[in-house]
J.: 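After the structure tokens below, expect a handful of questions from me.
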Amino acid sequence: MSIVNRQMSIALALALLLASGCTLAKVDVNVVSERTSLENQVLGTYNALSEDVLLVASVRGVSPTGKVETPPKHSPEQQEAAQALETIAFHADDVDTLKRLGWVGENLDGTLTPFAREVPEKAPADLKAFAARYSEGEFRQVVGEVNRSREVLMNRVVRTNENFTAGDLPAIRKVFARINRQNSAPGTRVQQDDGAWGAR
């Protein structure tokens with residue numbers, strides 16, 4: 001709900017109360033913040049996108065009569081979004097491990113920021129083994145693929161929601177960043193709202 005609509009709703013409620021002779025002593029006005037409204041829109045669009053991608057991913061179906069049906073044609077943008085979701089899902093375990101090692105962190109733009117590939121002294125044996133077999137090239141490739149996929153999805157959210165324009169992308173990035181930080185394990189690197197890096 002926009003600020004203007006919210007103000008109009010509050011003004012209308014106040015006018016109705018005054019016209020009916022009621023006092024304002026017990027009026028409780030709950031206003032949903034713009035951030036919550038934006039987050040709800042972004043998440044709703046993202047969930048719709050995920051459902052749409054499931055349809056893109058289906059190869060064929062079988063009709064009730066048993067006839068094999070080919071799926072409908074999908075746009076290149078839908079296919080690109082499907083690939084982006086698959087890439088993120090494919091690399092999810094590696095990204096979680098890279099976060100645990102401190103090699104990447106969640107930044108304010110909704111993407112990953114790479115850091116020096118140093119193995120913490122107190123790292124468990126499984127992390128040390130992972131770090132030993134993970135090359136610099138593989139590291140750069142995974143971070144690059146995940147970041148490109150996240151960019152595709154953030155831009156797709158803008159293009160598929162009639163309420164968003166290209167000017168909304170910075171705010172949408174912040175929503176994705178907040179979600180990515182919340183989904184990160186405690187102790188992993190995250191960029192705070194003031195730009196400083198710290199542990200979640």
Side-chain angles (χ1 to χ4, degrees), residues 1-3 32-57 74-117 130 134 136-200:
M1 177 183 289
S2 72
I3 294 171
V32 177
S33 72
E34 286 299 312
R35 182 174 55 202
T36 302
S37 175
L38 177 65
E39 285 178 357
N40 288 337
Q41 285 188 45
V42 169
L43 290 174
T45 303
Y46 183 80
N47 288 337
L49 174 63
S50 297
E51 290 172 13
D52 188 37
V53 166
L54 287 175
L55 295 175
V56 172
H74 297 286
S75 72
E77 292 83 12
Q78 288 172 310
Q79 292 173 355
E80 182 184 39
Q83 182 63 48
L85 283 170
E86 288 174 10
T87 299
I88 290 170
F90 181 77
H91 292 306
D93 290 341
D94 281 358
V95 169
D96 287 344
T97 305
L98 295 174
K99 287 180 184 180
R100 288 176 54 209
L101 282 165
W103 292 2
V104 297
E106 293 290 352
N107 64 38
L108 294 177
D109 288 332
T111 57
L112 296 170
T113 294
F115 293 99
R117 295 177 59 235
F130 175 92
Y134 217 80
E136 178 68 26
E138 186 177 10
F139 171 70
R140 278 184 278 159
Q141 179 182 352
V142 168
V143 173
E145 287 180 6
V146 170
N147 281 343
R148 282 189 296 276
S149 296
R150 288 182 179 190
E151 292 286 347
V152 165
L153 294 177
M154 287 185 279
N155 282 294
R156 184 80 176 143
V157 165
V158 171
R159 288 193 303 270
T160 57
N161 187 313
E162 64 187 20
N163 297 319
F164 296 144
T165 66
D168 293 312
L169 186 56
I172 289 167
R173 287 180 173 284
K174 288 181 182 178
V175 171
F176 272 80
R178 191 169 23 259
I179 292 167
N180 291 335
R181 285 184 297 195
Q182 290 170 352
N183 290 335
S184 295
T188 56
R189 289 183 176 181
V190 294
Q191 192 175 21
Q192 307 300 327
D193 290 333
D194 63 1
W197 285 90
R200 178 179 184 285

J.: Can you tell me how far CZ of Arg173 sits from CG of Leu108, rounded to the nearest 0.5 angstrom?
T.: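 Leu108 atom CG to Arg173 atom CZ measures 11.0 Å (nearest 0.5 Å).
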
J.: Please work out whether the ring planes of Tyr134 and Trp103 are parallel, tilted or perpendicular, with thresholds of 30° and 60°.
T.: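 Plane angle between 30° and 60°, so tilted.
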
J.: Give me each pair satisfying side-chain hydrogen bond (donor to acceptor under 3.5 Å, both in side chains) with a member in residues 182-192, each pair once, sequence neighbours excluded.
T.: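 Counting only pairs at least two positions apart or across chains, the side-chain hydrogen bond (donor to acceptor under 3.5 Å, both in side chains) contacts touching residues 182-192 are Lys99-Ser184.
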
J.: Count the heavy atoms belonging to other residues, nucleotides or ligands that lie under 6.0 Å from CD of Glu162, then report whether that count exceeds 12.
T.: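 Count not over threshold, so no.
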
J.: Does CG belonging to Asp93 count more than 12 external heavy atoms closer than 6.0 Å?
T.: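 No, the 6.0 Å shell around CG holds no more than 12 heavy atoms from other groups.
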
J.: For the CG atom of Asp94 and the CD atom of Glu138, what is their distance to the nearest 0.5 Å?
T.: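 If I round to the nearest 0.5 Å, the distance is 6.5 Å.
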
J.: Within this structure, what is the CG-CD distance for the pair Asn155 and Glu80, rounded to the nearest 0.5 Å?
T.: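 One gets 8.5 Å once the value is rounded to the nearest 0.5 Å.
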
J.: How close do Pro114 and Val104 get, heavy atom to heavy atom, and via which atoms?
T.: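 Looking at all heavy atoms of both residues, the shortest contact is CA-CG1, 4.2 Å.
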
J.: Within the 4.5 Å heavy-atom criterion, are Val175 and Ile179 side-chain neighbours or not?
T.: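 With C-beta onward as the side chain, the pair touches.
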
J.: Is it possible for you to check whether Arg117 lies under 6.0 Å from the centre of the six-membered ring of Phe139, through NZ or CZ, and within 45° of that ring's axis?
T.: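 Ring-cation test returns yes.
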
J.: Can you name the closest pair of heavy atoms from Leu153 and Ala81 and give their distance?
T.: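 Looks like CD2-O, 3.9 Å.
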
J.: Side chain of Arg150, backbone of Gly110: donor and acceptor closer than 3.5 Å?
T.: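 Confirmed, Arg150 side chain pairs with Gly110 backbone.
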
J.: Is it true that a side-chain atom of Asp109 and a backbone atom of Thr111 form a donor plus acceptor pair closer than 3.5 Å?
T.: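 The answer is no, because no donor-acceptor pair under 3.5 Å joins these two groups.
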
J.: Counting neighbours of CZ on Phe115 that are heavy atoms of other residues, nucleotides or ligands and sit closer than 6.0 Å, is the number greater than 12?
T.: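 For Phe115, atom CZ is crowded (more than 12 foreign heavy atoms under 6.0 Å).
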
J.: Rounded to the nearest 0.5 Å, what separates atom CZ in Arg200 from atom CZ in Arg181?
T.: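 If we round to the nearest 0.5 Å, Arg200:CZ and Arg181:CZ are 10.0 Å apart.
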
J.: For side chain to side chain contact (heavy atoms under 4.5 Å, CB included), just list the numbers for Trp197 and Asn107, CA-CA rounded to whole Å, side-chain angles, deciding distance to a tenth of an Å, and then say yes or no.
T.: CA-CA 8 Å; Trp197 285 90; Asn107 64 38; 3.8 Å; yes

J.: What's the separation between atom OG1 in Thr97 and atom NE2 in His91, rounded to the nearest 0.5 Å?
T.: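 The OG1 atom of Thr97 sits 13.0 Å away from the NE2 atom of His91.
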
J.: Between Arg178 and Glu106 (salt bridge meaning N to carboxylate O under 4.0 Å), is one present in this structure?
T.: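 Here Arg178 does not pair with Glu106 in a salt bridge, since their nearest N and O are not under 4.0 Å apart.
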
J.: Regarding Glu145 and Gln141, do their side chains bring together a donor and an acceptor under 3.5 Å, going by distance alone?
T.: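 A donor-acceptor contact under 3.5 Å links the two side chains.
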
J.: Please give me the minimum heavy-atom distance between Phe176 and Val157, naming the atom from each residue.
T.: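 Closest pair (atom of Phe176, atom of Val157, distance): CZ-CG2, 4.1 Å.
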
J.: Using 0.5 Å steps for rounding, measure from the CZ atom of Arg156 to the CG atom of Asn161.
T.: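 Here the interatomic distance stands at 11.5 Å.
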
J.: For Thr165, does its backbone N or O pair with a side-chain atom of Asp168 as donor and acceptor, under 3.5 Å?
T.: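 Flag set: sc Asp168 to bb Thr165 pair under 3.5 Å.
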
